[in-house]
Amino acid sequence: MPVARPESQEPRVIAHVDMDCFYVQVEQRRNPDLRGVPTAVVQYNSWKGGGLIAVGYEARKFGVKRSMRGDEAKRACPDIQLVQVPVARGKADLNLYRSAGSEVVAILSTKGKCERASIDEVYLDLTDAAKSMLLESPPEMLDSIPEEALKSHVLGLSSDENKGEEDVRKWLCQPNADYQAKLLACGTIIVAELRVRVLQETKFTCSAGIAHNKMLAKLASPMHKPAQQTVVPATSVPDLLASLPVKKMKQLGGKLGSSLQDDLGVNTVGDLLKFSEQKLQDLYGINTGTWLWKIARGISGDEVEDRLLPKSHGCGKTFPGPMALKTTSSVKQWLNQLCEELSERIQSDLDQNKRVAQTLTLHARAFKEDEVDPLKKFPSKSCPLRYGTSKIQEDAMHLFELGLGDFLNSKNLGWGITSLAVGASKIVDIPNGTTSILKYLTEKRTSCNSSDCSDALPGEPDHATSLICQKDADTKSYKGHEVPLESKVEENPKTKAPRESASDSKRLSDRDANAKGTILRYFSGGSSSNQSSTSKVETTQIEEQERISSSTASISNSHQNLNLNQNNNALSENWIINIEEIDPSVVDELPLEIQREIRGWIHPSKRINTAKRGSTIAHYFSPARK
DNA sequence: ACGGCTTGAACG
DNA sequence: TCGTTCAAG
């Protein structure tokens, strides 16, 4: 449900920019023959010609609608060009459109705070830019106002709208308007310039709404599509909302909007004005009630977030009716495909944006034959995310089995999966720069006597050790197979009697082990991008690392990732470490500032309740759970 | 047999 | 926190 946010006092200038039939434009740019001809993009699906997911404006004239099937579209518009979404791994692949969206964001984010709202929409907070313009070169001083700005539609201008560019020019330059209207005029010009740039640099057209808050900007952006912009001066708001059907408002397109209509007889936003705030709160609760009261008055405090990238990645596929998956092996096949795509996507997110995803989630829809509760839903399951395609595949399959167990109550019943999806969420920036572990290690390597590293643990070695043991036990039950305990506890020279993992102890001299090996050894479990790109690692001084990591099987069910970056050696940019595969007691030996950094990387679900100052890392690992 | 595929947000 | 549900496009 919607929630009202506190409003800022100062007037803001907010824009909502929406690409016109975006997928179609992307395809038209790819194949210029499609320009100017009726076009739609269909998702591959041999069934009835596929489903339309975007319809160009030429085709809309024929009544072609999104959510028609390809066959219907052909009937409505025989000349329509139907372009298929690329298919990869047996499913629709939207990456083409995602990267086209990024091109646009790159431009739109240059003039102020920018929030990527979807693959083809952004919100902009242009308040500061508008203020600057007002100070430095207000519209009335401008010798030339951009043509595109003059084409704006200004709501409430004269009696009926859009008398022409001269009226718009007057509005933009109005010398005796109030402060917020002047800011809005500046915003209008800035948005016009941005849209022109987008067209020049990407060949994509877009439409925009410019207003004093997100809600109104969003409301305005589709009013004059395609390739135009609409401005909502504060003075025009009451009239605009008075006759606006409630369903047009974002958040009121669903059940809440229906309830307003059916239960209250509220058909326009204006109709809401008759209800007191108290009354709306009584009807819909404090949050939604307050929100409703405010939006009826055009008040919305939602801020534009400064975020250019998505908060999560997901991919899924449906298996309708007859295609339902009925064996774990077919589920595994498809899950592998989905995980492959997901892995690729989080990997490029890491490479390009230096972000790591912390949580892996599996969703499914399923039916089961008979039983008392045939309506029960397949439960979603999640776990810490480990990088590496095969790890993701393993973990996802495990989550599926957990979910299936729940779903069937561990009974033996027929079942079918009608949709599968995996997601990567809780994405965080990699702590960058100053205090990376690798930097510490490199310094160590060059200027360190091994005593630093090999000193006894400051804290409580016993505690730490027991944690390790617990984690082993835990791991075992989680995986149910192939967890080499040796590789896990391995030698931690200080905490305790090392398990003699033959291969390892030979590899490094003890001195080396102390100087660098001890720590590196625990950085096991995976180079970021499997096989292919890890080659970079081999070359350097850390050459031991490769063998170590490949020999050390994946271990833990808990995984937080760490990316080591290093400028001047050949270590892969994206060397990934599943952090919780590190022996916590080893990390406790690191300088406190690095420990602090590492604490931030530990998955929330694994953090233990300790606010104590100077707590060791070991304390931050929660004990085993089922 | 269905609109599919993605995202984000709020709630309990 | 995790899992569910809703909404949008």
Side-chain angles (χ1 to χ4, degrees), chain A residues 1-5 16 18-23 41-55 65-70 72-73 84-87 91-95 97-98 101 115-121 123 218 221-222 247-259 285-288 291 302 305 307 309-324 338 341-342 345 358-365 367 376-384 399 402-403 406 416 418-427 603-607 609 622 625:
Chain A
M1 310 303 119
V3 175
R5 300 292 179 195
H16 179 256
D18 194 334
M19 306 308 294
D20 305 318
C21 56
F22 188 46
Y23 292 9
V41 174
V42 296
Q43 217 150 233
Y44 179 64
N45 187 346
S46 51
W47 195 60
K48 297 193 176 177
L52 273 55
I53 58 176
V55 180
K65 295 252 190 44
R66 196 162 27 153
S67 100
M68 270 182 172
R69 315 246 39 151
E72 299 172 70
Q84 281 189 12
V85 173
V87 173
K91 65 178 288 299
D93 178 4
L94 304 181
N95 283 328
Y97 313 114
R98 288 194 184 97
E115 173 182 332
R116 185 198 119 121
S118 80
I119 198 169
D120 72 337
E121 287 172 80
Y123 289 97
K218 168 86 180 171
S221 66
K247 289 269 187 180
K248 298 271 187 198
M249 293 265 335
K250 175 150 170 164
Q251 299 288 319
L252 296 183
K255 297 180 178 182
L256 181 53
S258 299
S259 166
I286 178 82
N287 285 340
T288 303
W291 180 83
D302 284 2
E305 272 180 73
R307 180 174 56 76
L309 299 170
K311 288 183 166 176
S312 65
H313 301 287
C315 52
K317 177 166 178 63
T318 55
F319 308 94
M323 318 253 306
L338 294 171
E341 180 186 325
L342 186 66
R345 283 167 57 193
Q358 300 193 98
T359 299
L360 175 70
T361 307
L362 175 126
H363 308 269
R365 288 204 294 174
F367 60 79
K376 181 153 89 164
K377 299 205 169 131
F378 193 103
S380 298
K381 296 289 171 185
S382 64
C383 70
L399 292 175
L402 284 183
D406 279 12
T418 56
S419 93
L420 275 179
V422 289
S425 58
K426 295 196 171 72
I427 300 179
H603 189 279
S605 73
K606 290 279 164 182
R607 282 181 204 150
N609 170 30
S622 68
R625 16 146 235 175

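Chain letters run A, B, ... following the sequence lines, proteins first, then strands; residues in each count from 1.
With rounding to whole Å, A:L360 atom CG is found 11 Å from C:dG3 atom P. Rounded to whole Å, atom P of C:dA8 lies 14 Å from atom CG of A:D18. The CD atom of A:E121 sits 17 Å away from the P atom of B:dT6 (whole-angstrom rounding). Atom-to-atom, CG of A:L362 to P of B:dT6 comes out at 14 Å; the value is rounded to the nearest Å. Rounded to a whole Å, the CH2 atom of A:W291 is 16 Å from the C1' atom of B:dC11. Spacing between atom NE2 of A:H313 and atom P of B:dT7 amounts to 8 Å, rounded to whole angstrom units.
Of the listed nucleotides (B:dC5, C:dG3, B:dG3), B:dC5 has the atom at the smallest distance from the side chain of A:A92. When the nucleotides B:dC5, B:dG3, C:dC2 are ranked by their closest atom to the side chain of A:I53, B:dG3 comes out on top. Which of B:dT6, B:dA1, B:dA10 sits closest to the side chain of A:W47 comes down to B:dA1. Nearest to the side-chain atoms of A:P320 among the listed nucleotides B:dA1, C:dT5, C:dG9 stands B:dA1. In this structure, the nucleotide among C:dT1, B:dC5, C:dT4 sitting nearest to the side chain of A:K426 is C:dT1. For A:S380, counting side-chain heavy atoms from C-beta on, the closest listed nucleotide (C:dT4, B:dC5, B:dA1) is C:dT4. Nearest nucleotide to the A:S382 side chain, out of C:dA7, C:dC2, B:dA10: C:dC2. Taking every side-chain heavy atom of A:T318 into account, B:dC5 is the closest of C:dT5, C:dC2, B:dC5. Closest to the side chain of A:R307, from the set C:dC2, B:dA10, B:dG8, is B:dG8.
At C:dC6, one or more side-chain N or O atoms of A:K255 fall inside 4.0 Å of OP1 or OP2 (strictly under the cut-off). The side chain of A:R98 places an N or O atom within less than 4.0 Å of a non-bridging phosphate oxygen (OP1 or OP2) of B:dT7. In this structure, A:S312 does not reach the B:dT6 phosphate: none of its side-chain N or O atoms is under 4.0 Å from OP1 or OP2. Considering only side-chain N and O atoms, A:R69 lies nowhere under 4.0 angstrom from the phosphate OP1 or OP2 of B:dA1. In terms of phosphate contacts, A:K218 brings a side-chain nitrogen or oxygen within less than 4.0 Å of OP1 or OP2 of C:dG9. The phosphate of C:dT4 (OP1 or OP2) has no side-chain N or O of A:K376 nearer than 4.0 angstrom. Contact annotation: A:T361 side-chain N/O to C:dG3 OP1/OP2 distance is not under 4.0 Å. The shortest distance between the side-chain N/O atoms of A:K311 and the OP1/OP2 oxygens of B:dA9 is below 4.0 Å. Distances shown here put every side-chain N or O of A:K48 at or beyond 4.0 Å from the OP1 or OP2 atom of B:dG3. Within the structure, every side-chain polar atom (N or O) of A:S118 is placed at least 4.0 Å from both OP1 and OP2 of B:dG8.
Using the six-membered ring where Trp is involved, A:H16 and A:Y123 have ring planes that are tilted, between 30° and 60° apart.
A pairwise comparison of heavy atoms in A:F367 and A:A324 identifies CE2-CB, 3.7 Å as the closest pair.
A:P379 comes within 4.0 angstrom of the backbone, heavy atoms only, and of no base. Among the heavy atoms of the strands, none lies under 4.0 Å from A:G51. Using a 4.0 Å heavy-atom distance criterion, A:L252 is classed as a sugar-phosphate-only contact. A:E305 comes within 4.0 angstrom of sugar-phosphate atoms only, judged by non-hydrogen atoms across all strands, and of no base. No engagement by A:K247 is indicated, since no non-hydrogen atom pair under 4.0 Å with the nucleic acid exists. Among the protein residues, A:I119 comes within range of no part of the nucleic acid, since none of its heavy atoms lies under 4.0 Å from any strand. Contacts of A:R365 with the nucleic acid, taken as non-hydrogen atoms under 4.0 Å apart, are absent. Backbone-only contact: A:N287 has heavy atoms under 4.0 Å from sugar-phosphate atoms and none from a base.
Ion pairing between A:K317 and A:E341 fails under the 4.0 Å rule for side-chain N and carboxylate O. One finds no salt bridge joining A:E72 and A:K48 here, because no Lys/Arg side-chain nitrogen approaches an Asp/Glu carboxylate oxygen to under 4.0 Å.
As rounded to the nearest Å, C:dA7 and B:dG3 have C1' atoms that lie 16 Å from one another. Separation of the C1' atoms belonging to C:dT1 and B:dA9 is 16 Å when rounded to the nearest angstrom.
Residues A:S258 and A:K247 are in side-chain contact: their nearest non-hydrogen atoms beyond the backbone lie under 4.5 Å apart.
Distance check, rounded to the nearest 0.5 Å: CG of A:L402 to CG of A:L362 gives 9.5 Å.
The residue among A:L338 and A:L52 whose nearest nucleotide of DNA chain B is located toward the 5' end is A:L52.
Taking A:F378 as the reference, A:F400, A:F407 meet the ring-ring contact (aromatic ring centres under 6.0 Å, His included) condition, with sequence neighbours excluded. Applying the salt bridge (Lys or Arg N to Asp or Glu O under 4.0 Å) test to A:D406 and every residue at least two apart in sequence or in another chain returns A:K381.
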